[in-house]
Amino acid sequence: MNKLHIYDSLSSKIKPFEPLEKGKVGMYVCGPTVYNDVHLGNVRTFLSFDLIFRYFKYLGYKVKYVRNITDVGHLVNDLDEGEDKISAKAKAESIEPMEVAHKYTLGFRNVMREFNALPPSIEPIATGHIIEQIEIIKKLLETKLAYESNGSVYFDITEYSKENSYGELSGREIEDLINGSRDLDGQKDKKSPLDFALWKKASKSHIMRWSSPWSDGFPGWHLECSAMSEKYLGNEFDIHGGGIDLKFPHHECEIAQNVGNSGKKGAKYWVHTNMLTLNGKRMSKSSGNVLLPMEIIKGDSKHLTKSYDSNTTRFFIHQAQYRSILDFSDEALKASEKGYKKLSSALELLKSRKNIGPENGSFDVKKWNHSCESAMNNDFNSPQLIAYLFEASKVIQQDIKDPSILGKNGAELLSEKMNIWIHEVLGLTDFKDQGSGIYKKALEGAMNIVFDARKNARERKDWETSDSIRDKLLRAGIQINDGTNESDFTVTQ
RNA sequence: GGUCUCGUGGCCGAGUGGCUAGGCAGAGCUCUGCAAAAGCUUGUACAGCGGUUCGAAUCCGCUCGAGACCUCCA
């Protein structure tokens, strides 16, 4: 594809991307609720959007990427009566709600940095936008799309549905929703079980509260995204993203709020990333079926046989398309580790290529690069991009034997392009960059001494000594690779 | 129960009417004192059963299986 195409969940179609404003992209992504550590499933979503962000930049767009932090409004159960997640956690840990939010916000940012995700342009926080949320509620009350009940305010789905179709994003019918809704307590203030809270009156014990025209209370969860996306991106912007689990009810409610507030649905393209599963089941905090990013990096999990670095993990994630369910397993990670190592060393090989061969080689680098773009233009098909990168790695190997394949210009161009795809678009860093400078240098010095001693033994054909050194080093985590003339080593763990 | 999605070789995972995806593992080869590493070569798979078609993994129907959402969740 010559032009970027994106799958839009609202129309269920792959559509050519046309920015609302030429050369610019406005993208809003639902960020984490900071009451707990983010798990690898959360990371997948944010890395998928990081890839999207990076590819827009690659295409030359000026991107305003807004990703919020949810620190209020998330109730523990569906009754709109439960305790807020942040305040529940605060009680459990005997600290201020703000401390909980702050702690896990910092944790989240650390994880994102570890995985080399670019920071968003703006990272707004829900509690910093209470006023904006109240303003939207006022407007919805004016237009009769909301009603007050005992100090709380609810969105009126019945009223909204007279002129709009609630459920269009998730493909649901109002009747099915009503039939499927649970008839539980705590709904007594609502006219219909489908109505959702815009403002909740706080009970006496509730610690997080703000004053409003209706009561001392707190905003409903869905409202913050409408308020913040409107504030930073306007009534209409290009992309609204989030995990597929947010499609209903969160994004459905957002659309309803947006339409009630401004007459516009918000985003032109709705993008939903699929789930990361563990043992075939989705990861979720509440079920305990989770893997934490740090557990992978430290190798500290019953699901793993060893540790994997953030590059490997990121490579693994991008080896699946963002709309597919991706199943996590130790074996799959191991495969990604080897694969990325292979790709990475091919690029190293290309960088150290001697300036030999004809000016122009037989391999068409421009055409190849076009294929890479074409893959990404097809709804960010990163696995296909990676397949092309492996094709290039093969070409690099062939060119070592026959420099007429790439030629001088081809080698230079391919090096530049691969660098862009691997580092700038896929967001991976070099394998060899790991380990800090002074230790690495000291180890190399020590290894040279070992190599000398071993070379001596080998020249005497004292295989017992040379093999013993090799075996012992392997057990110590250093693997020796004997080449024809000289030896090399890699650190295995 | 309702709505929806998916089922690709040992594993992960693209493709989606006719053309080798790719990676890992396995096998063979090259290199090598041996090993390892690395490189090269190699696999004709699309849940099952029907149908449409000159032709289907790709479209339609049914069956079986898995998952998601319907309640907080990326």
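Here is the naming used below: chain letters follow the sequence lines, and residue numbers restart at 1 for every chain.
In this model, the phosphate group of B/G15 is approached by a side-chain N or O of A/Asn381 to a distance below 4.0 Å at OP1 or OP2. For A/Ser324 and B/A14, the shortest distance from a side-chain N or O to OP1 or OP2 is below 4.0 Å. For the OP1/OP2 pair of B/A37 and a distance below 4.0 Å, the side-chain nitrogens and oxygens of A/Asn481 include no atom meeting the criterion. Look at A/Lys394 and you won't find any side-chain N or O under 4.0 angstrom from OP1 or OP2 of B/A38. Taking 4.0 angstrom as the limit, A/Ser170 places none of its side-chain polar atoms (N or O) nearer than this to OP1 or OP2 of B/C4.
Taking atom P in both B/U3 and B/U71, one finds a spacing of 15 Å when rounded to whole Å. Remark: the separation of the C1' atoms in B/C49 and B/C40 is 43 Å, to the nearest Å. Atom name C1', nucleotides B/C64 and B/G50: the rounded distance is 15 Å, in whole Å. B/C19 and B/U5 have their C1' atoms separated by 29 Å, given to the nearest Å. Here, B/G13 and B/C54 have their C1' atoms 32 Å apart, quoted to the whole Å. To the nearest whole angstrom, the two P atoms, one in B/A45 and one in B/G9, are 11 Å apart. Rounded to whole Å, the C1' atom of B/C59 lies 27 Å from the corresponding atom of B/G2. As rounded to the nearest Å, B/U8 and B/G65 have C1' atoms that lie 15 Å from one another.
Base pairing annotation: B/U16 forms no Watson-Crick or G-U wobble pair, as no partner gives both donor-acceptor distances under 3.5 Å. A 3.5 Å limit on both hydrogen-bonding distances identifies B/G2 as the Watson-Crick or G-U partner of B/C69. Across all strands shown, the partner of B/A47 is B/U63, judged by Watson-Crick or G-U wobble contacts whose two distances both fall under 3.5 Å. B/G9 makes up no base pair with any nucleotide shown, lacking Watson-Crick or G-U wobble contacts both under 3.5 Å. Pair assignment for B/U52: none, as no Watson-Crick or G-U wobble contacts are both less than 3.5 Å. The base-pairing partner of B/A38, taking Watson-Crick or G-U wobble contacts with both distances under 3.5 Å, is B/U30.
Atom pair A/Leu177:CG and B/U3:P shows a separation of 12 Å (rounding to whole Å applied). Atom CG in A/Asp37 sits roughly 13 Å away from atom P in B/A74 (whole-Å rounding). The CZ-P distance, from A/Phe115 to B/A74, rounds to 16 Å in whole Å. A/Leu278 has its CG atom 12 Å from the P atom of B/A68, to the nearest Å. Rounded to a whole Å, the CG atom of A/Asp488 is 14 Å from the P atom of B/A37. Taking atom CD of residue A/Glu168 and atom P of nucleotide B/C4, one finds them 16 Å apart after rounding to whole Å. In this structure, A/His240 atom NE2 and B/A74 atom P are separated by 13 Å, rounded to whole Å. Rounded to an integer number of Å, the gap from A/Leu194 CG to B/U71 P is 9 Å.
Between the side chains of A/Arg113 and A/Asn110, a donor-acceptor pair is found at a separation under 3.5 Å. In the model, A/Thr312 has a side-chain atom that pairs as donor or acceptor with a side-chain atom of A/Asp309 under 3.5 Å.
For the atom pair OG1 (A/Thr45) and CD1 (A/Ile244), the distance works out to 10.0 Å, reported to the nearest 0.5 Å.
Comparing B/A14, B/G22, B/G67 by their closest approach to the side chain of A/Lys281 singles out B/G67. Here B/A37 is the nucleotide among B/G39, B/A37, B/C69 with the atom lying nearest to any side-chain atom of A/Gln479. When distances are taken from the side chain of A/Gln397 to each of B/A74, B/G23, B/G39, the shortest belongs to B/G39. When distances run from any side-chain atom of A/Ala320 to the nucleotides B/C24, B/G13, B/A74, the shortest one goes to B/G13. Taking only side-chain atoms of A/Gln319, from C-beta outward, the nucleotide of B/G2, B/A74, B/G23 with the closest atom is B/G23. Of all nucleotides listed (B/A74, B/G33, B/C70), B/C70 comes nearest to the side chain of A/Arg172. Relative to the side chain of A/Ala335, the nucleotides B/A74, B/C72, B/C24 differ in distance, and B/C24 lies closest. Taking the side chain of A/Asp467 as heavy atoms from C-beta on, and the options B/C34, B/C11, B/A74, the nearest nucleotide is B/C34. Taking only side-chain atoms of A/Phe390, from C-beta outward, the nucleotide of B/G33, B/G23, B/A74 with the closest atom is B/G23.
Base engagement by A/Gly41 is indicated by at least one non-hydrogen atom pair under 4.0 Å involving a base atom. As judged by a 4.0 angstrom heavy-atom cut-off over every strand, A/Lys247 is placed among residues making no nucleic acid contact. Contacts of A/Lys338 with the nucleic acid, taken as non-hydrogen atoms under 4.0 Å apart, involve only primed sugar atoms and P, OP1 or OP2. A/His272 comes within 4.0 angstrom of no nucleic acid atom, judged by non-hydrogen atoms across all strands. Residue contacts for A/Ser466: at a heavy-atom cut-off of 4.0 Å it reaches a base atom on one of the strands shown. Among the atoms of the strands shown, only primed sugar atoms or phosphate atoms (P, OP1, OP2) are found under 4.0 Å from some heavy atom of A/Gln321. Here A/Ser48 lies out of heavy-atom contact (under 4.0 Å) with every strand. Among the heavy atoms of the strands lying under 4.0 Å from A/Leu326 are primed sugar atoms or P, OP1, OP2 only; no base atom is included. The residue A/Gly241 sits apart from the nucleic acid: no heavy atom pair falls under 4.0 Å. A/Arg44 comes within 4.0 angstrom of no nucleic acid atom, judged by non-hydrogen atoms across all strands.
Geometric assessment of A/Lys394 against the ring of A/Phe390 yields a negative cation-pi assignment under the 6.0 Å and 45° thresholds. Under a cutoff of 6.0 Å and an axis angle of 45°, A/Arg67 and A/Phe49 do not form a cation-pi pair.
Between the side chain of A/Asp238 and the main chain of A/Gly26, a donor-acceptor pair closer than 3.5 Å is present.
Here the rule is side chain to side chain contact (heavy atoms under 4.5 Å, CB included) with A/Phe315, and of A/Leu428, A/Leu333, A/Ile422 only A/Leu428 fits it.
In terms of polar N and O atoms assigned as donor or acceptor, the side chain of A/Asp482 comes within less than 3.5 Å of the base of B/C34 in a complementary pairing. If you check distances only, the side chain of A/Arg470 does reach the base of B/C34 with a donor-acceptor pair under 3.5 Å.
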Practice task
Test salt bridge (charged side-chain N to carboxylate O under 4.0 Å, His left out) on A/Glu123 and A/Arg109 and set out the steps.
Solution key: CA-CA 11 Å; A/Glu123 196 171 46; A/Arg109 288 186 186 144; 2.6 Å; yes
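Ring geometry for A/Tyr160 versus A/Tyr166: interplanar angle over 60°, hence perpendicular rather than tilted (30 to 60°). Between A/His240 and A/Tyr28, the angle of the ring planes lies from 30° to 60°, which puts this pair in the tilted group.
Residue whose closest nucleotide on RNA chain B sits further toward the 5' end, between A/Glu464 and A/Asn42: A/Glu464.
Between A/Trp463 and B/G33, a base-stacking contact is recorded: ring centres under 5.5 Å apart, planes less than 30° from parallel.
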